[in-house]
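Structure record follows, encoded as structure tokens.
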Number of protein chains: 2
Amino acid sequence: MNIGELSSLTGASIRSLRYYEQKGLLSPFRKDNGYREYAPFAVEQVRSIQLYLNLGLSTDEIAGILQCVLKNKEAFCEEVLPIYRQKLQDIDEQIELLTNIRQNLTDRIDAILLERSISGQEE
Amino acid sequence: MNIGELSSLTGASIRSLRYYEQKGLLSPFRKDNGYREYAPFAVEQVRSIQLYLNLGLSTDEIAGILQCVLKNKEAFCEEVLPIYRQKLQDIDEQIELLTNIRQNLTDRIDAILLERSISGQEE
DNA sequence: GTAAAGCCTGACATTAATGTGAGGGTCAAG
DNA sequence: CTTGACCCTCACATTAATGTCAGGCTTTAC
């Protein structure tokens, strides 16, 4: 299939599909006219890429995963474990940071509300 | 004081101090030679800016807050409430998103570990 | 007076995935 | 054969705060 069809089937923009190829995540054939020719399973490949992107992985990290997955013909691949674990740690740190900021924010909001109630709203 | 001293006292880079000025967060006087002249309380101003930045507020949002705080001579200022609340909501959404991703990640990690234990590691 | 250190402006680089547009082939239907 | 839809590459723009460099003043210390 051509790139436009793949784009429609996956929701990924044509621009993104070309970018994924540039980053080594897709390798469509080229027809004589220069057009990219995608195999039907490219739809699943793109869906996988979208899923990994949603996990917060970079295209470089995804490239490593896909290479491994291709070799093992299976989505469960030992080599992605350290990547997943690293990402999990990153996310936990982000959540902790956000939680701290959240606490700071609610404290400040409470302080404003307290100030308001003390200074009186009898106008 | 000159910009270098303010930078030392606050930890903000000279580049950042100039940027804050460009964004309307600081308004140092200019000496005859063109040098910026900062009042002593600029140290506290910069510390406030750094705090707001750590809360995840943009310089544009901070500009609004500082304007209000300047008028009211008090850090507790009604007009910042909606900004804080919006930011709080943003952060809650981010935390929720990250939590979902985290769940997805742990699921995948568990699946890999399960796969490993099933396929056997008796080598 | 000279050298070093400090300051100035302006401008480009960084990150990462994606948008967008120019300029130009290709294909399909009429 | 023409028109419109599709494809190609190349390249610049986006975001936001900060880094960094160039070219050029000023101040300070010697």
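Sequence lines set the chain letters: A, B, ... in the order given, protein chains first and strands last, and positions in each chain run from 1. Predicted model only: the values in this text are computed from it and were never measured.
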End-to-end axis angle, where each axis spans five pairs of the helix from C:dG1-D:dC30 to C:dG30-D:dC1, to 10°: 30°
Whole-Å gap separating C1' (D:dG19) and CG (B:L17): 14 Å
Worked verdict on A:D90 versus A:Q86 for side-chain hydrogen bond (donor to acceptor under 3.5 Å, both in side chains): CA-CA 6 Å; A:D90 293 346; A:Q86 178 61 56; 2.9 Å; yes
Polar contact flag, side-chain donor to acceptor under 3.5 angstrom, B:Q103-B:D107: yes
side-chain hydrogen bond (donor to acceptor under 3.5 Å, both in side chains) involving B:Q94 - partner list, sequence neighbours excluded: none
For A:E37 against A:M1, the heavy-atom pair lying closest together: OE2-N, 2.7 Å
Check against side chain to side chain contact (heavy atoms under 4.5 Å, CB included), A:I49 and A:L26: CA-CA 9 Å; A:I49 293 170; A:L26 291 175; 4.1 Å; yes
Pairs involving residues 2-18 of chain B, ordered by first then second residue, that meet salt bridge (charged side-chain N to carboxylate O under 4.0 Å, His left out) (sequence neighbours left out): none
Shortest non-hydrogen contact between A:L17 and A:A12, atoms and distance: CD2-CB, 3.9 Å
Contact pattern, 5' to 3', of nucleotides 17-30 of chain C - B, S or - by protein heavy atom under 4.0 Å: BBBB----BBS---
Phosphate contact (D:dC8 OP1 or OP2) by A:R36 side-chain N/O below 4.0 Å: yes
Over all atoms of both residues, closest heavy-atom pair of B:V80 and A:I112: CG2-CD1, 3.3 Å
Length of the CD-C1' vector between B:E37 and D:dT26, whole Å: 15 Å
Full working for side chain to side chain contact (heavy atoms under 4.5 Å, CB included) between A:Y38 and A:V43: CA-CA 9 Å; A:Y38 292 92; A:V43 174; over 6 Å; no
Value in whole Å for how far the P atom of D:dC7 lies from CD of A:E21: 14 Å
d(CD, A:Q22; C1', D:dC10) in whole Å: 11 Å
Exercise: identify the closest heavy-atom pair between A:L55 and A:I91: O-CD1, 4.3 Å
Transitive ILVMFWY side-chain link B:Y35 to B:I3, under 4.5 Å: no
Modelled atom types, side-chain donor and acceptor of A:E96 and A:N100, under 3.5 Å: no
NZ/NE/NH1/NH2 to OD/OE distance under 4.0 Å, B:R36 and B:E21: yes
Spacing of A:I3 atom CD1 relative to D:dC7 atom C1', expressed in whole Å: 8 Å
Contacting residues from residues 85-100 of chain B, given that a heavy atom lies under 4.0 angstrom of DNA chain C: none
Near-strand residues of residues 38-51 of chain A, defined as heavy-atom separation under 4.0 angstrom from DNA chain D: none
Euclidean distance, atom CG of residue A:L6 to atom P of D:dC7 [Å, nearest integer]: 10 Å
